[in-house]
Every structure is written in structure tokens, then in C-alpha cells.
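Worksheet: one structure, shown below.
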2 protein chains.
Amino acid sequence: MGKNLVGNHIRKLRFNHDEMTQQQLADKAGVTRQTIVALEKGNYSPSLELAFRIAHVFNLPLEEVFFYGENTKK
Amino acid sequence: MGKNLVGNHIRKLRFNHDEMTQQQLADKAGVTRQTIVALEKGNYSPSLELAFRIAHVFNLPLEEVFFYGENTKK
DNA sequence: ACTTCATGTATAGTTTATATTACATTTTGT
DNA sequence: ACAAAATGTAATATAAACTATACATGAAGT
């Protein structure tokens with residue numbers, strides 16, 4: 001519950017960018033794989049801090065990874 | 001604990017922009033005043049969703065309100 | 001066929017963000 | 001000086017983010 005209003009392009013970026021695995025992204029972002037899984041599934045929106053770290057992994061501004069509004073969960 | 005690595009310009013923006021009070025910002029962002037207080041004090045970093053909402057109140061991109069890295073809690 | 005690796009899924013537990021309430025202090029206006 | 005509004009601060013409570021672990025499935029390579 002708690003309609004998540006924040007979406008992201010993590011999965012796309014993992015592939016397009018570096019063919020990075022969930023585990024690798026998790027490591028680079030300093031979280032567990034479960035967190036990445038949950039984010040890709042849109043289960044919840046990350047903390048702002050984690051959002052910044054993930055964007056940094058992809059070398060992108062935060063708003064090119066995460067966006068507000070659309071209910072883009074599949 | 002939990003060194004907060006995310007800073008923000010909320011307080012500055014409240015004044016510069018609209019002379020908005022903590023309570024008004026809280027209302028517009030859909031949170032309580034306590035949350036605004038905590039954010040201005042740098043006690044913790046908000047959820048990404050709240051960060052988006054606050055940025056939207058100020059009509060600014062998220063990264064002009066919140067930033068990563070510096071511990072700017074003077 | 002077997003193993004390895006990436007992913008999906010689930011559950012329980014810890015930590016952190018946020019709400020709620022309440023009261024004290026400072027600021028502003030009259 | 002007084003009242004009202006804005007802010008500071010603090011305690012307890014709930015919800016949401018995140019960890020840890022475990023097991024199951026499917027693809028890829030040998």
C-alpha cells in the first residue's frame with residue numbers, strides 16, 4: 001500500500017549503461033540486492049540519500065534516474 | 001548518529017522565495033511542521049518522494065533544493 | 001547433466017522518516 | 001506591556017525504508 005508516486009529507470013540503466021548486475025549496483029550504491037530489487041519493482045521509493053548515490057553510480061543527475069508523478073510500476 | 005550526507009536550502013528558500021512560514025511549507029508539502037523543522041536542522045534526509053514535493057512547492061528542480069556531499073549543517 | 005550466476009520472491013527484524021502532541025522561547029504588531 | 005504568531009525542542013508512536021537470510025527458477029557455459 002501507500003501508492004508509490006516515484007518511479008525510476010534503474011533497470012534500463014543497468015543494462016544500457018554497463019550491463020551491471022543487481023548485485024554490482026547494490027555494492028556500488030552501498031545497499032543490499034534486496035533494496036535494488038524492491039526499487040526496480042517500484043515497491044517503495046528510496047531515501048533521498050540513496051537516490052543520490054544510485055544516480056552517482058550511473059553518473060547521471062538524480063532526476064534522470066528518478067521521476068515524480070507517473071505510476072510507472074509496470 | 002548516522003551522519004546525514006544530504007543538505008538542503010529549505011530555510012533560505014522559504015525566505016527568499018515567498019516569505020513562507022514553516023507551517024505553510026509543511027501544508028503545501030503535505031507533512032507536519034516537525035518534519036520541516038527536522039529537515040532544516042539537517043537531522044535527517046527526507047524520502048525521495050517528499051524531496052520531490054518540496055522542490056515542487058518552490059518550483060525548482062530537486063537538485064536546486066537538495067544536494068549531496070557536503071555536511072552543510074553549519 | 002551439472003554448475004554457476006542472475007534474478008524473483010518471501011518473511012522477519014532493525015533503523016530511520018514522519019506524525020502527534022505539547023510546551024518553551026523568540027519575534028512581531030498593536 | 002501585552003497578545004499573537006513563528007520557531008525551537010523534545011517524547012512517544014507508527015509507518016516505511018532497508019537488512020539479512022533463505023530458497024526457487026531460469027539462463028549460460030562447460
Side-chain angles (χ1 to χ4, degrees), chain A residues 1-58 62-63 65-74, chain B residues 1-58 62-63 65-74:
Chain A
M1 301 281 93
K3 324 160 164 298
N4 180 16
L5 293 176
V6 177
N8 65 75
H9 301 299
I10 293 180
R11 195 173 188 93
K12 218 176 310 169
L13 287 169
R14 274 202 302 120
F15 287 92
N16 293 357
H17 250 246
D18 299 297
E19 286 287 343
M20 196 179 301
T21 137
Q22 290 177 336
Q23 187 64 61
Q24 289 171 329
L25 173 55
D27 291 343
K28 293 196 184 187
V31 291
T32 62
R33 188 173 67 88
Q34 290 320 304
T35 299
I36 302 300
V37 171
L39 292 180
E40 288 190 359
K41 282 187 38 175
N43 282 1
Y44 48 69
S45 74
S47 65
L48 180 57
E49 193 171 333
L50 176 54
F52 270 120
R53 294 207 304 266
I54 291 178
H56 183 252
V57 169
F58 290 124
L62 189 147
E63 300 192 63
V65 181
F66 299 93
F67 49 91
Y68 186 65
E70 321 313 300
N71 196 356
T72 313
K73 58 174 12 175
K74 77 128 172 320
Chain B
M1 302 270 89
K3 328 162 161 294
N4 181 16
L5 293 176
V6 177
N8 67 74
H9 302 299
I10 293 179
R11 196 174 187 92
K12 218 176 310 169
L13 287 169
R14 275 203 300 120
F15 287 93
N16 294 356
H17 250 245
D18 299 297
E19 286 287 344
M20 197 180 301
T21 139
Q22 290 177 336
Q23 187 63 62
Q24 289 171 329
L25 173 55
D27 291 343
K28 293 196 184 188
V31 291
T32 63
R33 188 173 67 88
Q34 289 322 303
T35 299
I36 303 300
V37 171
L39 292 180
E40 287 191 359
K41 282 187 39 176
N43 282 1
Y44 48 70
S45 74
S47 65
L48 179 56
E49 192 171 332
L50 176 54
F52 271 120
R53 294 206 306 265
I54 291 177
H56 183 253
V57 169
F58 290 125
L62 190 148
E63 300 193 62
V65 182
F66 299 93
F67 50 90
Y68 187 64
E70 315 315 299
N71 196 352
T72 313
K73 59 175 4 178
K74 64 134 168 336

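Throughout, protein chains are lettered first and strands after them, A, B, ... in sequence-line order, and every chain is numbered starting at 1. These figures come from a predicted structure and were not determined experimentally.
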For [X] and [N], give me the distance from atom [atom1] to atom [atom2], rounded to whole Å.
X: B:Ile10; N: D:dA6; atom1: CD1; atom2: P; answer: 18 Å
X: A:Asp27; N: D:dC18; atom1: CG; atom2: C1'; answer: 15 Å
X: A:Leu50; N: D:dA17; atom1: CG; atom2: P; answer: 11 Å
X: B:Glu49; N: C:dA17; atom1: CD; atom2: C1'; answer: 12 Å
X: A:Leu48; N: C:dA17; atom1: CG; atom2: C1'; answer: 12 Å
X: B:Tyr44; N: D:dC18; atom1: OH; atom2: P; answer: 15 Å
X: A:Leu25; N: C:dA6; atom1: CG; atom2: C1'; answer: 14 Å
X: A:Asn43; N: D:dA15; atom1: CG; atom2: P; answer: 18 Å

* Report yes if a side-chain nitrogen or oxygen of A:Ser45 is closer than 4.0 Å to either non-bridging phosphate oxygen (OP1 or OP2) of D:dA16; otherwise report no. =>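 No, no such contact exists.
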* May I ask you to verify if any side-chain N or O of B:Thr32 is less than 4.0 angstrom from the OP1 or OP2 atom of C:dA19? =>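 So the side-chain polar atoms of B:Thr32 do come within 4.0 Å of the phosphate oxygens OP1 or OP2 of C:dA19, strictly under.
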* With ring pair (Phe, Tyr, Trp, His ring centres under 6.0 Å) as the test, would you mind laying out the steps for B:Phe58 and B:His9 before giving the verdict? => CA-CA 11 Å; B:Phe58 290 125; B:His9 302 299; over 10 Å; no
* Is B:Met20 close to B:Lys28 at the side-chain level, that is, under 4.5 Å between some pair of heavy atoms? ->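 Heavy-atom side-chain distance check passes, below 4.5 Å.
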* **Donor-acceptor under 3.5 Å (B:Glu40 side chain, B:Val37 main chain)** =>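 Checked: no pair found.
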* Non-hydrogen atoms of B:Val6 and B:Ser45 that approach each other most closely ->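 Taking B:Val6 first and B:Ser45 second, the nearest heavy atoms are CB-CB, 3.7 Å.
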* Which atoms form the tightest heavy-atom contact between A:Gln22 and A:Arg14, and what is the distance? ->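 Smallest heavy-atom distance, with atoms named: N-NH1, 3.3 Å.
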* To do: Looking at every strand, decide which applies to A:Ser47 at a 4.0 Å heavy-atom threshold: base, sugar-phosphate, or nothing.
  =>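 Sugar-phosphate, backbone atoms only, no base.
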* Structure fact -> With sugar-phosphate taken as primed atoms, P, OP1 and OP2 and all else as base, the protein-contact string of nucleotides 7-13 of chain D at under 4.0 Å (heavy atoms; B, S, -) is BBBB---
* **Nearest-0.5 Å distance, CG of residue A:Leu48 to CZ of residue A:Arg53** =>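 Between atom CG of A:Leu48 and atom CZ of A:Arg53 there are 10.5 Å.
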* **B:Phe66: ring-ring contact (aromatic ring centres under 6.0 Å, His included) partners, not counting sequence neighbours** =>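 For B:Phe66 there are no ring-ring contact (aromatic ring centres under 6.0 Å, His included) partners, ignoring immediate neighbours.
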* Terminal axis angle for the helix from C:dA1-D:dT30 to C:dT30-D:dA1, five pairs an end, nearest 10 degrees ->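 End-to-end axis angle for the helix from C:dA1-D:dT30 to C:dT30-D:dA1: 50°, rounded to 10°.
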* Could you walk me through whether A:Leu50 and A:Leu39 pass side-chain contact (heavy atoms from CB on, under 4.5 Å), step by step? => CA-CA 11 Å; A:Leu50 176 54; A:Leu39 292 180; 4.1 Å; yes
* Among A:Val65, A:Val57, A:Leu62, side-chain contact (heavy atoms from CB on, under 4.5 Å) partner for A:Phe52 ->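 Testing each of A:Val65, A:Val57, A:Leu62 against A:Phe52, the sole residue satisfying side-chain contact (heavy atoms from CB on, under 4.5 Å) is A:Leu62.
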